[in-house]
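Below, read A as the first sequence line, B as the second, and so on, with proteins coming before strands; counting in each chain starts at 1.
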Amino acid sequence: MATHTEYTSESGEPIWGIFGEFKDPSAIYHGAEIVRDAGVKKWDVHSPFPIHGMDEAMGLSGPKVGYLVAFGGMLGASGAMLMQWYMNAYDYKFIVADKPFFAWEQFLPVTFELGVLISAFFAIFGMLALNKLPMFYHPLFKKERFLRASDDGFFIAIEARDSTFNPEKSRELLERAGAFNIELVEE
Amino acid sequence: MGHIVDPDRAISESKVRLAPGAARMVGALLMAVGAVALVITVVMMATAKDAATQYQALAAYHVGFMTVMAPTLGALVFVMIFQQVNAGWAALLRRQFENVLSMVVPCLFLFVGLGLLSTFFGPLWKWMDPEFVSGDVMYEVKKPFLNTTFFYVRAGVYFTIWTVLATMLRRYSIQQDETGDPWLTAKARRMSSYGLLLFALTTGFASFDWLMSLDHHWFSTMFGVYYFAETAGSSLALCTLIFLVLRQRGYLQDLVTVEHFHDLGKLLFGFTVFWAYIGFSQYFLIWYANIPEETAWFALRKNGGWEAYTFWLVVGRFVVPFFILMPRPFRRNKLILGFACAWILFFHGLDMFWLVRPEATVEVGAHIFERMPFSWLDITGILGPVGIYLGLLMFRIASGPLVPLKDPRLPESLAHKNYV
């Protein structure tokens, strides 16, 4: 993994970032607001379950997956129409019940279905891509304590590649946000 | 994060009650326009020399009646669904749906008017004319169901059911404003359970009777659902528009918020797609099977000047609102949402016109029919019922609080929020 920072830990390893623990959803919600207001951009909140309103507390912009789905839907629908036109009305003219070769009516079910299918593909794979999944390694997993993020732990992690990062200042920021057990994480 | 809001503190009189005199001017104006249009239509009908003009005016009045009947029935189904599924988010919105559904009584009078006009100047439903259907085998088999007496008996049953449901559901809600008794919610909920079943049956049969039987040869099992799609879409559009206007006039601040509008927009989007889905399903099977007695209805609407109308109806009722209501920021923008609502209501009227008006044909020779050209009677005939309906609705909105005051689900509705 490329090194993003000039900071190194005591053992000489490059530092990935810093993370701290929070007591409950309410504490981490208000903590996130403080970190957001400090202008930190490359950071994340980890909780065992979705916390309502967290995207706002983190200052995240709206989800982008919808645009991908809309694109996928239009791609699927127009592709399906084109495919059927090519097959039944152009390449191999096919008479069905004395209908016109290019009767949009009979092509619409396939157009609809393919529109749904391709938009669903864009939804699921677009979501995975936007979340950078699958991800086989993450520095935070080295910390035994962090595994509780899928059980009962609430964490905020600030990455060293953030422009405001500084081991001491970021520690102070997390303290001010109400975090405890603050630790540096090596890459 | 959701904050618990105390309804008693959030709701103040100035926010939920129209200022004295507000809306009454517009209401009176709309009623006057409707009344004048109605009088002109009836006078024209009475003085017309030819049956064709009479039929045209009658058909136009029928379009107006079905146009206002749809949001009324849609409001009924939404009130019952809100009560039945215990919809917390919609508790604040329910009152305007109740106002619209209470318009079922004016609709009853409009229908009585339609029946009388049809009897004197019609009949509007051609199968009611014994001469017209004599020797018609396809009518003979339907006669036990489709005869004038049973037709009006059925209409009476529909209106009885709708009026009882509408009156009781609204009364429970109004009573709760004063007493705050939570058991009234339970009562409304119990009534909604069987009410929904009754609604499905009566609305389906009413659309068969009033619209589908205009061409008594034609039948489509999908037709009831098609009309339901219109009722749901038009009532959502009308109620959303009412809330948007109220907000714009300075009422309901901090009560009905962008979050509620967002959800209304989602429902509106859904029922726009639903309309297209049902409309296409109906058309597709008939087109594919290609049986003359079924295709006749669409053939009438895809030929002789109606083909462009049919095309633009699909574009206006589905394609345009589909793309307007799809992006989230558009649904959360009051101006764009209001435009979409007005647009959908307009095309809802055009859809009703499309269902009724092509049936207005003149027999110029033995079994040779010619279409009647458009005239200003089409406009006055529609304007009559629509103007009176909207005018009375204005007075109804002004008559009481704009939201339920003591619904037990109010805190949930006040704190309603869309999380992404």
Greater than 12 external heavy atoms within 6.0 Å of A:W104's CH2 | yes
Provide the closest heavy-atom pair for B:F284 versus A:Q106 in the form atom of the first, atom of the second, distance.
-> CE1-CA, 3.7 Å
Are more than 12 heavy atoms from other residues, nucleotides or ligands located less than 6.0 Å from atom CZ of A:F101?
-> yes
Separation of B:F280 CZ from A:F112 CZ (nearest 0.5 Å) = 10.5 Å
Please check if atom CD in A:E56 has more than 12 non-hydrogen atoms from other residues, nucleotides or ligands closer than 6.0 Å.
-> no
Nearest heavy-atom approach of A:K99 to B:Y288 is NZ-O, 3.3 Å
A:F71 atom CZ, over 12 foreign heavy atoms within 6.0 Å | no
Could you state the interatomic distance from CG (B:N418) to NE2 (A:H52), rounded to the nearest 0.5 Å?
-> 10.5 Å
